[in-house]
Amino acid sequence: MFGIRQTLAAVAGILLLAGAAHAAEVFTITSSAFKDGALLAKKNAGANKSNPNCVGENVSPPLAWTNVPAGTTSFALVMTDPEGRGTGVDHWIAYGIPASVTSFAEGETSKPSDKYVGGIGTAKQSIYMGPCTPPGPPHHYTFVLIATDLDPKALPPGLTKLELFDKLNGHVKGSTGIIGLFKNPL
């Protein structure tokens, strides 16, 4: 009887360790500036002076990712407001991010960088474009990071989100996301 208990305890321990090891390997994107499902800072909002809903400084939030899927050679990152006008607003399309890059510092993607290839968002920008949320309930800004097996230089600049997704077909190794909320303070 004692041998069965020891065996069951050992099996339970192995299962717990396997579960913990598996949980530690989850591909994850985080930000030191906001938690998943929490509000973005006002400085992260867009700064287009011709749009009264752009009340910020267009400072991109810091982003970091861990536990990259095996076989990843580059990343793509898409920021979308699904509640934006029409079928949603694509605020930032970036790809060709080398696998050696595992983070962006605050403000780093508010301007062109050698660390990514700029696609074209709804506002025809190839850099981060912060929220320009109208007054009312908060909007959800989804940051989706996609691990790919494409060479970082494989895709040309200027792709839209749909064009990017078409090119990524068959090349995705994994994806993860984080959501930041923004509410117009006016």
Pro61 and Leu40 have their tightest heavy-atom pair at CG-CD2, 4.4 Å
Would you say the side-chain atoms of Thr148 and Ser74 include a donor-acceptor pair closer than 3.5 Å? yes
Side-chain contact, heavy-atom cut-off 4.5 Å: Thr176 with Phe143? no
Is a side-chain donor or acceptor of Ser110 paired with a backbone partner of Ser60 at a separation under 3.5 angstrom? yes
Hey, can you tell me if Trp92 and Tyr116 have their rings parallel, tilted or perpendicular (30° and 60° cut-offs)? perpendicular
Pairwise side-chain contact, Ile97 with Trp65, heavy-atom cut-off 4.5 Å (strictly under): yes
Verify the neighbour count for atom NZ of Lys183: are there more than 12 heavy atoms of other residues, nucleotides or ligands below 6.0 Å? yes
Locate the shortest heavy-atom distance separating Ile178 from Ser31; write the atom from each residue and the value. CD1-N, 3.9 Å
Does Lys115 have more than 12 heavy atoms from other residues, nucleotides or ligands lying within 6.0 Å of its NZ? yes
Check for a donor-acceptor pair, side chain of Asn67 on one end and backbone N or O of Val26 on the other, with a separation under 3.5 Å. yes
For Asn53 and Pro135, work out which heavy atoms get closest and say how close. OD1-CD, 3.4 Å
Using modelled atom types only, decide if a donor and an acceptor are shared between the side chain of His171 and the backbone of Asp149 within a distance under 3.5 Å. no
d(His91 NE2, Lys161 NZ) to nearest 0.5 Å is 10.5 Å
Are Ile93 and Thr160 packed together at the side-chain level, in the sense that at least one heavy-atom pair is separated by less than 4.5 angstrom? no
Tightest non-hydrogen contact, residues Leu155 and Lys167, listed as CD2-CB, 3.8 Å
Between Ile146 and Leu164, is any pair of side-chain heavy atoms under 4.5 Å apart? no
Do you know the tightest heavy-atom contact between Val55 and Asn184? CG1-OD1, 4.1 Å
Look at the side-chain heavy atoms of Ile, Leu, Val, Met, Phe, Trp and Tyr, link any pair under 4.5 Å apart, and say whether Val78 and Val172 land in one connected group. yes
So, do His139 and Phe182 sit near enough that their side-chain heavy atoms are less than 4.5 Å apart? no
So do Thr72 and Phe27 actually touch side chain to side chain, heavy atoms under 4.5 Å? no
Would a single hydrophobic cluster contain both Leu181 and Tyr141, if residues Ile, Leu, Val, Met, Phe, Trp and Tyr are joined by side-chain heavy-atom contacts under 4.5 Å? no
Heavy atoms only: give me the nearest Asn44-Val59 pair and the separation to one decimal. ND2-O, 2.6 Å
Flag, side chain of Asp90 to backbone of Thr122, donor-acceptor distance under 3.5 Å: no
Main-chain N/O of Leu159 paired with Tyr95 side-chain donor or acceptor, under 3.5 Å: yes
Got a donor-acceptor contact below 3.5 angstrom from the Glu83 side chain to the His140 backbone? yes
Ser100 side, atom OG; Phe75 side, atom CZ - distance, nearest 0.5 Å: 8.5 Å
Out of curiosity, does Val68 fall in the hydrophobic cluster containing Ile29 (side-chain heavy atoms, cut-off under 4.5 Å, transitive links)? yes
Taking the side chain as everything from C-beta on, heavy atoms only, tell me whether Pro157 gets closer than 4.5 Å to Ile120. no
Could you see if Leu77 belongs to whatever hydrophobic cluster contains Leu168? Use Ile, Leu, Val, Met, Phe, Trp, Tyr and a side-chain cutoff under 4.5 Å. no
Are any non-hydrogen side-chain atoms of Met129 and Asn48 less than 4.5 angstrom apart? yes
I'd like to know if Ile127 and Val117 are part of one continuous hydrophobic network [Ile/Leu/Val/Met/Phe/Trp/Tyr, side-chain heavy atoms within less than 4.5 Å]. no
